[in-house]
Colleague: 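Got a structure here, written out as structure tokens. Questions coming.
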Amino acid sequence: TAAKPQKVIFDHDGGIDDFVTLLLLLSKPELVSVVGITILDADCRVEVAANTTLKLLHSLGFKDIPVAISTLPAINPFPDIWRWSGLAVDVQPLINYVDPNSLNQNLVQQPGQDFLWELLRTQLEPITIVATGPLSNVAYILTHYGDEAAARIKEVWWMGGALYVQGNVDYPGHDGSAEWNAFWDPAAVGVVWNSSVPIVMVPLDVTNRVPVTPDLIYRFGRQAGHLYSVLAGTIWSKVISWVYERPHEPYFAWDTLTAACLLSRQLCTRVDDLVSYAVVSGPSQGRVVATNQCVAHSSEVSRQRTTAAVMQVDAEEFYDF
Ligand code: AGV
Ligand code: CA
């Protein structure tokens with residue numbers, strides 16, 4: 001007796017792993033149904049990322065999932081070289097046989113942050129948001145629609161934070177304690193932490209366990225007759241040399257792990273009583289600090305709150321999945 005697939009909104013920012021995450025979400029219709037996609041101009045050139053998203057959707061037969069582009073700006077922008085990396089996906093012949101004129105039929109004219117509210121408002125039940133970039137869009141609707149918005153969100157599954165490990169930000173004036181999605185818009189993390197929205201964090205503590213390895217990509221070869229596998233392997237191949245070029249900090253399946261843990265709970269160990277606060281300004285901005293000690297709420301930090309977090313993963317099971 002199959003349960004109904006859970007509905008999700010996918011709020012992404014066009015990185016290499018964001019696109020593999022899209023493939024994962026689309027490839028499991030028995031588990032998940034994507035009702036809409038919003039894209040943030042963060043770890044991508046948003047005009048490219050929107051096109052790539054539409055091409056993937058059309059190539060795979062999902063012509064009616066609406067896609068909207070957020071206009072919210074960076075506080076601390078991603079390096080330009082990362083922002084262009086999505087072009088390597090957009091140029092793939094496999095997704096470029098689709099008719100360019102038909103692509104825009106599911107592109108929404110409304111700004112993504114407003115469309116996110118539209119999606120929430122029109123759902124019959126609270127819905128899960130899979131957020132694989134900065135929290136700006138989620139913070140926007142909480143700022144504008146408050147508790148009414150919070151009540152419409154079942155959970156935000158967010159790739160972000162670095163709790164008991166180093167961050168991945170290397171930026172002048174920053175102490176390196178933050179993860180990039182949080183650092184791009186630290187105030188947004190503060191807004192989400194100050195709200196009552198249920199959060200499930202997938203921090204660097206656990207994404208550090210899942211580098212993108214040659215073995216992972218070779219395995220898609222056994223399924224080369226399947227479009228999803230060919231696309232996933234092709235997209236991952238864009239970053240494969242990182243395990244050798246930057247062995248200390250390869251490319252990880254950050255966002256893909258986030259969606260995988262949502263879809264398959266046995267892959268990960270989730271704690272539900274993590275107490276933390278977010279630093280919104282200063283040299284640690286974007287840091288999420290896990291602590292049970294009482295910290296005064298100020299303009300520098302959010303309130304302290306309880307969230308869920310994925311703290312352990314079986315990497316081999318994730319790669320298999
Ligand atoms: O911090 C991880 C987040 C994930 O959402 N992103 C990439 C993933 O999509 C930012 C990021 C950190 N290091 C990066 C990133 C790198 N070396 N290249 C591109 N993006
Ligand atoms: Ca991302």
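Indexing begins at 1, ligand by ligand and atom by atom, following the structure's order. The structure displayed is predicted, hence computed values, not measured ones.
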Colleague: In terms of residue, atom name and distance, what is the protein heavy atom nearest to atom 4 (C) of ligand 1?
Modeller: Asp255 OD1, 3.2 Å

Colleague: Which bit of Thr207 gets closer than 4.0 Å to ligand 1, counting heavy atoms only: side chain, backbone, both or neither?
Modeller: neither

Colleague: Is it the case that Tyr140 and Asp114 place a side-chain donor and acceptor less than 3.5 Å from each other?
Modeller: yes

Colleague: Find all atoms of ligand 1 within a distance of less than 4.0 Å from any non-hydrogen atom belonging to Asn181, and give their numbers and elements.
Modeller: 3 (C), 4 (C), 5 (O), 6 (N)

Colleague: Return the closest protein heavy atom for atom 12 (C) of ligand 1 as residue, atom name and distance.
Modeller: Asn168 ND2, 3.4 Å

Colleague: Before giving the answer on side chain to side chain donor-acceptor pair (under 3.5 Å), spell out for Asn137 and Ser70 the whole-Å C-alpha distance, their side-chain angles and the decisive distance to 0.1 Å.
Modeller: CA-CA 7 Å; Asn137 288 330; Ser70 175; 2.7 Å; yes

Colleague: Applying a 4.0 Å heavy-atom criterion (strictly less than), which segment of Trp242 is in contact with ligand 1: side chain, backbone, both, or neither?
Modeller: side chain

Colleague: Among all protein heavy atoms in this structure, tell me which lies nearest to atom 7 (C) of ligand 1, with the distance rounded to 0.1 Å.
Modeller: Asp43 OD2, 3.4 Å

Colleague: For residues Asn76 and Tyr171, is any side-chain donor paired with an opposing acceptor at under 3.5 Å?
Modeller: no

Colleague: Purely on distance, is any nitrogen or oxygen of Asp18 under 3.5 Å from one on ligand 1?
Modeller: yes

Colleague: For the residue pair Phe183 and Trp180, does the interplanar ring angle fall in the parallel (under 30°), tilted (30 to 60°) or perpendicular (over 60°) class?
Modeller: perpendicular

Colleague: Does a donor on one side chain sit under 3.5 Å from an acceptor on the other, for Thr132 and Thr21?
Modeller: no

Colleague: Please determine whether a side-chain nitrogen of the Lys or Arg among Asp314 and Arg209 lies less than 4.0 Å from a carboxylate oxygen of the Asp or Glu.
Modeller: no

Colleague: Salt bridge check, Glu155 against Arg270: does any charged N sit closer than 4.0 Å to a carboxylate O?
Modeller: yes

Colleague: Which option wins on minimum heavy-atom distance to atom 15 (C) of ligand 1: Trp180, Trp82, Phe78?
Modeller: Trp82

Colleague: If we only look closer than 3.0 Å, how many protein N, O or S atoms does the Ca ion (ligand 2) have near it?
Modeller: 5

Colleague: Will you find, in the side chains of Gln113 and Thr38, an N or O donor that is under 3.5 Å from an N or O acceptor?
Modeller: no

Colleague: Does the ring centre of Phe19 sit less than 6.0 Å away from the ring centre of His12?
Modeller: yes

Colleague: May I ask you to list the residues sharing a hydrophobic cluster with Trp84, side-chain cutoff 4.5 Å, ordered by chain and number?
Modeller: Val48, Leu87, Val91

Colleague: Atom 9 (O) of ligand 1: which protein heavy atom is closest, and how many Å away?
Modeller: Asp17 OD1, 2.6 Å

Colleague: To the nearest 0.1 Å, how far is atom 2 (C) of ligand 1 from its closest protein heavy atom, and which atom is that?
Modeller: Glu179 OE2, 3.3 Å

